[in-house]
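Working notes, beginning with the structure itself.
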Amino acid sequence: MDETGAKPKRSGARLCCTCNQRRAALKRPKTLEQICRECFYDVFEEEIHQVIVTNQLFKPGERVALGASGGKDSTVLAYVLSKLNKKHNYGLDLFLLSVDEGITGYRDDSLETVKRNEIQYGLPLKIISYKDLYGWTMDEIVKVIGLKNNCTFCGVFRRQALDRGAAFLKVDKLVTGHNADDIAETVLLNILRGDIARLSRCTSITTGEDGPIPRCKPFKYTYEKEIVMYAYFKRLDYFSTECIYSPNAYRGFAREFIKDLERIRPRAILDIIKSGENFRISTTTKMPEQGTCERCGYISSQKWCKACVLLEGLNRGLPKLGIGKGRISVNDSEDRNGSDRGKSIASKQCGTLDF
Amino acid sequence: MACNGPGCNSNCYKDEEAEVASCAQSSERTKSGDAEANPIANTLCIKCKVNEAISGYGGIDDGRFCADCFRNNLFGKFRFAVTSNAMITPTDKVLVAFSGGPSSRVALQFVHDMQHRALRNFDASRDRSLPVFGVGVVFVDESSVSPIHSNELEKAVKDISSIVASLTPPTKELHVVPIEAVYSSESSDRRDKLIKLVKAVSDSTGKEDILLYLRMLALQKVASEFGYNRLVLGSCISRIARHIISATVKGQGYSLPSDVQYVDARWEVPVVLPLRDCFAQEINMLCQLDGLKTLVLSTSPHSGINSLVSSFVQLLQEENPSRESIIVRTAGKLIPFHFNRIPEIVDGKTPLATQRHQKRYNLKSNVSVSSESFCYLCNSPLDKSETVDLSNLENHRSSDVFGTSYCSSCRFQILPRDPTSLEQFYTLLPQSVVARSQQVNNRNLSVLREQIQDCLLSDSEDET
């Protein structure tokens, strides 16, 4: 193993291996280097800055919406991005964009966190609700369909809600807090499900460039553990309760596997992403054709977009419409997390806004 | 066309005259196997609709076929893989890698069945235009690097010899080689050298993987020394699925498609995987049904990435019996490499029938990627971003160049980090690895040379 045999020594004699001045306070999850807090902040922020610069994620003067759920990823993203924006003069107009699914006891609380973030970071916040957009709250939907497949509705609706909110804010880009663990997990899941179309695009740092609002993931190479560490040391204000509709949220088996891998080889996460980037997919492979929904005009590969199909089912009292159709439901556990279109990451708690 | 009749009864007379297990098995054996495998079976075979289906072994087809049809189905998958990829043609000499495990045991059995059948056709045909392909068996003795006791090894070799001896006619030559045979036979300390080499790898996954590469080198060595032109491996879906996930985890996404095809001709002797469409569970079931003897040799306890992946895939497979096949199909959609097909022979010596055979079947890979450089250690094709700039190649000493053309996975998990151990590691590598790297460099140089040929004033390499 490449664990370099370094046990975290509590004696305190060890110095940060970057600055060689301060006492090392942590073992960096990505590299296992022992460094001090200050150096950790620096390297964490600098890496994200480098990702933004080398991938040319933003142009000066752009309006950028941050998908904000109040969870750790989006909170750290909002903090780091506004910091980098000032420090490196990106010249961006940043906004927080939240979706209110209408889940009492969960989203109302997390939205309070986002509202505090609005003040803390001085970023304007827009909340867009399922109720306004679709006429249904998740609470109402769950009353109708029960606790099975509810995540499918939520996931499909959220994706569109974010786009509509972004259009409302007239932003040029939407950034989400997907981290390296999320992307590695998506790569694996797409292999396991045989979803070659998604496999070919799930590692792109920017997606939907042909659509109205491109999305990008500045945390593509950022480890979840480091995000947690950053939030912890910076004492960032974030919300960490699970969605009440996915009780004891099933942690995806793929996610478990990635955590196990990370334990014996931290770089495995980056290696999976690298593999995903290097997969060469035959151009003869049938890819779904991109079109627009005849009903609402949203991007869709079918006649109607998934949200319209689901909504039609709800409104006509046939909530099963559009669920599990044309796709073999791989297993119940994946269903719980909404293995349906528009949803690609199985282990995420469904209440987060990172889709 | 054997075995397609109702209940296979039409073909079963053959067994009485042939002692060996051929595709069509006697119905007596079927029934006993049936009863053993599943005493509570109450469904009829979906194919013959006569016999009771056997079940409980796993895989997609579990519980669908009776023992006869199961066997035929499995053999059918093998035969289809062989014929549709031109793996074995009448003039070939095939070397089957036999580890003693179920997969390679079944590969050996099926190759034998096929050869046996070819022999009968040969005897029966008037013009004898189609010769019978030759079959040899190789067993790699890894006792120098695994905890195998000498008694255990002795017994294993004895068992393997008797298995191979039982597979006649035609007789098959058995080659037992120690894995240290990757070193040239002149070096007397090759066993020590190998142990040192493996010891130099600190990562436990890397240790397992380097053994895998060395084993392939040993197999290739035997194959080319004894004039074989195909190397048959028993890799099944289950194994390939695991490899796909491990390779992904190790960052080998670029080279991955090269390892999961039916044919891999990047080696001197092309490697073929005729069991690529069979599940491990099916293979185990066949061994059980037909009483195929297999052996399990002691191995070092597995830890690290490979075993983690293995248990992960096993979990997935239990939850969904087609999971492994989905994984392999997904990877199958990635673009293969130009060497993932049997190279066509165009010299005049090839019998017409063989040529026809190849023409018919070898035309299917239309898209492929050609890659000029390979990792010196694992021989995986390298992405352009991973290779060095060859333009100033001659300014380097050979060892410098040597150090730069490894895939990132080998660099990370196999090569020692510090320069001194790295230097020593190079000296421990088998000559064939070194030779391959030089060969590759020379090939690259000659490609470069060709491009500038018109501007060179001298023909000799030294003066340019």
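Below, all heavy atoms of this structure are taken into account, side chains as well, without hydrogens, waters or symmetry copies. Quick note on labels: first sequence line is chain A, next is B, and so on, each numbered from 1.
Looking at A:Leu188, only its side chain comes within 4.5 Å of chain B, counting heavy atoms on both sides. A:Leu199 touches chain B through its side chain: at least one heavy atom from C-beta onward sits under 4.5 Å away, while N, CA, C and O do not. With a 4.5 angstrom heavy-atom cutoff, B:Leu308 touches chain A via backbone and side-chain atoms both. Looking at B:Val309, the atoms closer than 4.5 Å to chain A (heavy atoms on both sides) sit in the backbone and in the side chain alike. B:Leu256 touches chain A through its side chain: at least one heavy atom from C-beta onward sits under 4.5 Å away, while N, CA, C and O do not. Only the backbone of B:Ala247 comes within contact range of chain A, with at least one heavy atom under 4.5 Å from a heavy atom of that chain.
Of the listed residues (A:Ile258, A:Ile273, A:Asp271), the one with the most heavy-atom contacts under 4.5 Å to chain B is A:Asp271. Between chain A and the residues B:Leu316, B:Leu334, B:Ile244, the most heavy-atom pairs under 4.5 angstrom are made by B:Leu334. For the set B:Ile245, B:Leu315, B:Thr248, B:Val328, the entry with the most heavy-atom pairs within less than 4.5 Å of chain A is B:Thr248. Counting heavy-atom pairs closer than 4.5 Å to chain A, the top residue among B:Arg329, B:Lys250, B:Lys207 is B:Lys250.
Other residues, nucleotides and ligands place more than 12 heavy atoms under 6.0 Å from the CZ atom of A:Arg267.
Contact annotation: the side chain of B:Thr330 approaches that of A:Ile196 to within less than 4.5 Å [non-hydrogen atoms, C-beta and beyond]. Using a 4.5 Å cut-off on side-chain heavy atoms (C-beta onward), B:Ile327 and A:Leu192 make contact. In this structure, the side chains of B:Thr205 and A:Arg265 come closer than 4.5 Å at one or more pairs of heavy atoms. When side chains are defined from C-beta on, B:Phe337 counts as touching A:Arg280, because their heavy atoms get closer than 4.5 Å.
Put simply, CD1 on A:Ile264 and OG on B:Ser307 are 6.5 Å apart, with the number rounded to the nearest 0.5 Å. The distance from atom CD1 of B:Ile305 to atom CG of A:Leu261, rounded to the nearest 0.5 Å, is 5.0 Å. To the nearest 0.5 angstrom, A:Asp195 atom CG is 11.0 Å from B:Ile326 atom CD1.
Qualifying side chain to side chain donor-acceptor pair (under 3.5 Å) partners for A:Asp260, counting only residues two or more places apart in sequence or in other chains: A:Arg263.
Aromatic ring orientation, B:Phe312 versus A:Phe257: parallel (interplanar angle below 30°, classes split at 30° and 60°).
A:Lys274 and B:Gly251 get closest at one heavy-atom pair: NZ-O, 3.8 Å.
Panel note: side chain A:Ser275, backbone B:Gln252; a donor-acceptor pair is recorded below 3.5 Å.
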